[in-house]
Amino acid sequence: MSIVEMKVPVIGESITEVTLSQWLKEEGEYVELDEPICEFESDKATLEFPAEAAGILRYVAAEGDDLEIGALVAKIEVTGEKPAAKEEAKQEEKVEELVAEAPAVQTSNYATGHPSPAAGKILSEANIDPATVNGTGKDGRITKADAEKAAADKPASPAPAAKKEAAPAPVAKPTAFSRTENRKKMSRMRRTIAKRLVSAKNNTAMLTTFNEVDLSEIMKLRKKYQEKFVEKNGIKLGFMSLFAKACAKVLMEMPDVNAQIDGNDLIYHDYADISFAISTPTGLVVPPIKNVESKGFADIEKELKGLAGKARNGELTLEEMTGGTFTITNGGVFGSMMSTPIINEPQSAILGMHAIKERPVAVNGEVVIRPMMYLALSYDHRVIDGSTSVTFLVKVKELLEDPITLFMDL
């Protein structure tokens, strides 16, 4: 029997450590080649670890352990035959032995277990079932003596006990308050998110500028063309693709907002790879959609839906998590009225969307009710000037309030 050592593989260029989030196979269980045995949680994604041989799994690391690349995770005892096959063979042998050892069944006839007339009368008066009496007569017939013995041996019927009323179940007293504390280790993704957020706060000159946008025209447009859009593309026209296209258009006009710092240099991008903040059970992820400036609304909606599904199922790959030149986060889906989003390093800006609320606003000297949303742009003041940030947000606002210009690329 040989032993195969399972070690943490090289996952990505920037990943030096992973967390063993959970075992998918039990200790001592037989695993097939390439069958997933556990899950690793890296800084960016959750990955399955396949078996490198078929055999018996032996744990070395435990769930929750932080493991460096190359660390020993488990061992596999390579066996020539699957243990289940051996166990089945043993079970078959055992059944055969039991059959061979079983006593021969005695033959019976009419007399067997049948009482004689006198015996039958005694058993009937004593209310005894003949089938419960062992007959000692010829061929197993129940004789008078057998019946008398059975009647004499029958225990007296106990007097029926008086029914007791069921006692009422004790009512649990409500706890007035609790002082319980629970300690739980942070997941690797949560630790990474915390580390990056603190880094962004401490290492950037971050400011936030606000504006508000009237979404009346966008709502009219979606209501008018939604059915045709779904019929043609198989997906709804959402707010996110409209906001993404508006941001991408302005990013191409204002490259400073789409830039990032690298040491003493500034890197400018002639494309808009927009990252979208997606909430998952394990934390926030920001996978990007590449070249948003060149994609149609339906393509953006389809890609975003696919990324969101993968993110919530923990199926995002490292490649899908990498990159991005600008980020959009939508706290409005949770009811947020206003916030100051934190920059997603190494990017220089992030747009925060919020809840749509009907509010009274002044239009042409009259007070009207309109669906309004507050927009927030957090930016790194080392890269983006205040006037640039305000102008960017105003341009996005204008495109959203007159979406025809966005569709016609004006």
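The first residue of the sequence shown is numbered 1, and numbering continues consecutively from there. Side chains are part of it too, since the values below use all heavy atoms of this structure and drop only hydrogens, waters and symmetry mates. Being a predicted model, the structure only gives us computed values, none of them experimental.
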I need the full list of side chain to side chain donor-acceptor pair (under 3.5 Å) pairs touching residues 48-61, with sequence neighbours left out, sorted by first then second residue. R58-E77
Filter on side chain to side chain donor-acceptor pair (under 3.5 Å), then keep only pairs touching residues 331-351, sequence neighbours left out; what's left? S199-E345, S275-Q347, T327-N344, T327-Q347, S339-H354
Using side chain to side chain contact (heavy atoms under 4.5 Å, CB included) as the criterion, list what pairs up with [X], not counting sequence neighbours.
X	result
A308	I278, R312
V198	N202
E401	V213, D214, K397
I342	L197, A200, M206

Applying ring pair (Phe, Tyr, Trp, His ring centres under 6.0 Å) to F407 and Y225, what does each step give before you reach the verdict? CA-CA 13 Å; F407 277 86; Y225 296 106; 8.1 Å; no
Could you check K220 against E217 for salt bridge (charged side-chain N to carboxylate O under 4.0 Å, His left out), going step by step and ending with a plain yes or no? CA-CA 5 Å; K220 290 177 184 177; E217 294 303 317; 3.7 Å; yes
Quick check: are there more than 12 heavy atoms from other residues, nucleotides or ligands sitting under 6.0 Å from CD of E26? no
Heavy-atom neighbours of E29 CD exceed 12 at 6.0 Å: yes
Could you point out which residue of V286, L307, I289 forms a side chain to side chain contact (heavy atoms under 4.5 Å, CB included) with F276? I289
Is there a side chain to side chain contact (heavy atoms under 4.5 Å, CB included) between E301 and K236 once you walk through the steps? CA-CA 8 Å; E301 292 290 351; K236 287 186 176 182; over 6 Å; no
Under 3.5 Å donor-acceptor, D380 side chain and A205 backbone: yes
Closest non-hydrogen atom pair, F49 against P9: CE1-CD, 3.7 Å
